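Quick caveat: nothing in here was measured; it's all calculated off a predicted structure.
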Amino acid sequence: MSRKMHLALFAQGVGVAQSVWRSPRTTPEAMHGLGHWQQIARTAERGFFDALFIADALNLSPAIAADATDRPDPVAVLSALSAVTERIGLIGTSSTTYNDPFTVARQFATLDHLSDGRAGWNVVTTAISAAAANYGSASLPDHADRYERGEEFVDVVRALWDGWDADAIVADRESGRWTEGDKIHRIDHRGKFFDVAGPLTVPRSPQGQIPLAQAGSSPTGMKLGARVADLVFTTQHDMAEALDFANNVRGLATAAGRGGNAVKVLPGVTPIIAETDDKARELAIELGALIDEQTTLKFLNQAFGDVDLSQYDLDGPFPDLLDSLPKNAGVSRPKLFTQIALRDGLTVRQLAQRIGLSIGHRTLIGAPDTVADDLQAWFDSGAADGFIILPADLPIGLQDFVDEVVPRLQSRGLLRTRYAGRTLRDHIDEP
């Protein structure tokens with residue numbers, strides 16, 4: 001069987017382009033209702049995506065005055081979508097910095113039951129200082145401490161999922177016995193960050209161990225992803241660098257005893273599609289014109305650990321701040337944004353504009369064949385096992401991809417034409 005491309009949809013509001021709610025292609029007044037999410041989920045399922053993925057934020061964006069950046073609770077939305085979809089995986093983000101392992105284990109086990117085995121957990125550590133104040137903390141933990149806590153958090157969740165044997169429920173009406181008590185286990189975890197007795201309050205879920213996604217691209221994040229993740233989400237702009245990243249993750253997975261094929265590496269891509277390359281460029285210009293400069297600067301400020309970039313000349317060279325970031329700042333995004341700016345000679349204003357269309361991911365602008373050719377080149381090179389598709393606008397941007405690009409990928413033998421299995425793990429495990 002030939003290798004197939006794995007696709008995950010990044011579903012956020014009415015799209016990832018900043019201020020895209022102003023575009024006539026969107027209906028922002030509908031984005032908090034179930035119908036909006038149903039349309040998106042069903043379209044992605046029609047395109048045979050492995051999963052729909054909902055990110056999360058634990059604080060209100062400082063750019064809320066101009067940008068529709070509010071985030072609903074992922075597990076609540078995905079639970080509703082489980083009733084109106086049949087095959088597509090449902091991946092939700094939940095932070096290990098401001099959550100409890102028992103709660104997260106129960107939420108995703110419940111979602112897995114509701115969806116007949118389609119749940120997935122995107123493991124993140126929170127790197128936004130504004131979130132700390134919402135959870136009673138004066139400051140964000142340092143990067144190393146966040147990941148140490150995250151490692152233990154994941155281990156506790158997985159132990160709780162394994163606390164019920166698959167045959168623990170016997171449901172014997174004659175004897176009145178519902179479970180075999182010796183097949184339900186406490187975990188009695190005692191660690192640096194957590195003390196958890198267990199067992200979980202729901203039985204073993206259909207997938208047993210629910211698939212994990214992970215998006216950290218720092219050395220610490222890569223090690224965590226290689227050890228526990230089934231999907232690694234990443235931001236890459238250069239094919240050669242993406243190949244190095246993917247091979248590094250695969251090597252780390254092999255060193256962790258899992259094998260290089262155990263982890264699927266999915267770079268993010270924002271496709272902007274029209275009938276021709278010229279019309280696609282025109283559409284990108286239209287969407288870019290909606291971006292509010294101050295909104296995007298606030299996004300960059302947050303990514304750099306709340307550094308105020310307005311203190312620099314907006315039309316001067318982008319400053320190299322990597323050696324002076326706050327200790328609790330994220331690592332991978334500041335490094336990536338700085339590399340892009342220095343490589344392409346961008347000013348602060350120009351970087352903000354470029355980031356605004358795709359929240360930092362690679363923008364792919366062109367006709368359907370142009371987009372398909374590019375995705376195939378990355379896939380064939382080994383730089384990607386598939387892609388996270390982040391439409392600039394929703395739902396039209398997703399419809400354009402599913403109606404125009406997906407058939408081209410299928411005709412080339414790169415993408416499934418039907419779901420072979422029913423669970424998210426089935427989809428991920430397809431070669």
Side-chain angles (χ1 to χ4, degrees), residues 6 8 50-53 74-75 78-79 82 87-96 99-124 150-169 179 183-189 191 194 196-216 221 223-233 249-250 252-254 256-266 385 419-431:
H6 296 271
D50 287 34
L52 178 152
F53 159 54
V75 176
L78 294 172
S79 296
S82 70
R87 297 295 183 92
I88 192 167
L90 304 168
I91 301 176
T93 299
S94 192
S95 170
T96 61
N99 270 307
D100 179 88
F102 189 90
T103 300
V104 168
R106 185 172 65 165
Q107 286 177 325
F108 282 93
T110 301
L111 176 60
D112 208 42
H113 280 289
L114 292 175
S115 63
D116 295 323
R118 294 185 285 132
W121 172 30
N122 179 45
V123 181
V124 300
E151 291 265 6
E152 185 180 337
F153 194 114
V154 171
D155 290 342
V156 173
V157 168
R158 297 175 81 188
L160 286 166
W161 285 339
D162 275 340
W164 285 67
D165 292 352
D167 57 350
I169 296 179
T179 62
K183 295 186 177 182
I184 304 172
H185 315 284
R186 293 167 59 99
I187 66 169
D188 289 319
H189 174 87
F194 307 107
V196 182
L200 206 58
T201 58
V202 292
R204 189 173 186 83
S205 65
Q207 296 181 104
Q209 281 295 316
I210 292 168
L212 303 185
Q214 196 270 341
K223 288 180 181 177
L224 175 61
R227 184 173 74 85
V228 303
D230 300 280
L231 300 171
V232 167
F233 297 158
V249 170
R250 293 164 186 147
L252 291 169
T254 299
R258 302 183 63 205
N261 293 328
V263 183
K264 303 297 190 297
V265 179
L266 276 59
D385 296 303
Y419 287 107
R422 300 200 66 88
T423 69
L424 174 57
R425 188 164 295 283
D426 289 338
H427 308 337
I428 294 171
D429 288 346
E430 285 184 40

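Summarising the geometry, atom CZ belonging to Phe102 is positioned 9.0 Å from atom CD1 belonging to Ile187; distances are rounded to the nearest 0.5 Å. Atom CG in Asp116 sits 10.5 Å away from atom CD in Gln207 (nearest 0.5 Å). Note that CG of Asn122 and OG of Ser95 are 10.5 Å apart. Values are rounded to the nearest 0.5 Å. Atom CG of residue Asp230 and atom CD of residue Gln214 lie 11.5 Å apart, to the nearest 0.5 angstrom. Between Glu430 atom CD and Lys264 atom NZ the span is 9.5 Å, to the nearest 0.5 Å.
Two residues are said to be in side-chain contact when any heavy atoms from C-beta on lie closer than 4.5 Å; Asp155 and Arg227 meet this criterion. Val123 places none of its side-chain heavy atoms less than 4.5 Å from the side chain of Val228. In this structure, the side chains of His189 and Glu152 come closer than 4.5 Å at one or more pairs of heavy atoms. Side-chain atoms of Leu212 and Arg158, non-hydrogen and from C-beta on, do get closer than 4.5 Å to each other. Contact annotation: the side chain of Val202 never approaches that of Trp164 to less than 4.5 Å [non-hydrogen atoms, C-beta and beyond]. In this structure, Lys183 and Asp167 have side chains that are in contact, with non-hydrogen atoms separated by less than 4.5 Å.
Taking all atoms of both residues into account, the shortest heavy-atom contact from Trp161 to Gly208 is CB-O, 3.8 Å. Residue Gly150 comes nearest to Thr96 through the heavy atom pair CA-OG1, 3.5 Å, listed as atom of the first residue, atom of the second, then distance. Across every non-hydrogen atom of Ala168 and Ile184, the tightest pair is CB-CG1, 4.0 Å. In terms of heavy atoms, Pro101 sits closest to Val156 at CB-CG1, 3.6 Å. Contact record, Val263 with Ala226: CG2-O, 4.2 Å, taken as the closest heavy-atom pair.
Ring geometry, Phe153 versus Phe194: the interplanar angle exceeds 60°, so the pair is classed perpendicular (tilted spans 30 to 60°). Taking the six-membered ring for Trp and thresholds of 30 and 60 degrees, Phe53 and Phe233 have ring planes inclined between 30 and 60 degrees apart.
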With side chain to side chain contact (heavy atoms under 4.5 Å, CB included) as the criterion, how do Phe108 and Val157 come out once you've worked through the C-alpha distance, each side chain's angles and the decisive distance to 0.1 Å? CA-CA 10 Å; Phe108 282 93; Val157 168; over 6 Å; no

Quick one, Asp385 with Arg250, criterion side chain to side chain contact (heavy atoms under 4.5 Å, CB included). Give me CA distance, side-chain angles, the key distance, then yes/no. CA-CA 11 Å; Asp385 296 303; Arg250 293 164 186 147; 3.3 Å; yes

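Within 6.0 Å of CG in Asp100 there are more than 12 heavy atoms belonging to other residues, nucleotides or ligands. In the displayed structure, Arg106 atom CZ is contacted under 6.0 Å by at most 12 heavy atoms of other residues, nucleotides or ligands.
The closest side-chain donor-acceptor pair between His6 and Asp50 falls under 3.5 angstrom. Counted by atom type alone, Asp162 and His185 present zero donor-acceptor pairs between their side chains at under 3.5 Å.
Checked by atom type and distance alone, the side chain of Arg118 never pairs as donor or acceptor with a backbone atom of Arg422 at under 3.5 Å. Looking at Arg425, its side chain never comes within 3.5 Å of a backbone N or O of Gly117 through a donor-acceptor pair. Remark: the backbone N or O of Ile169 is not paired with any side-chain donor or acceptor of Thr179 at under 3.5 angstrom.
Considering Leu111, Asp112, Leu424, Ile91 in turn, Asp112 is the only one that fulfils the side-chain contact (heavy atoms from CB on, under 4.5 Å) rule with Ile210.
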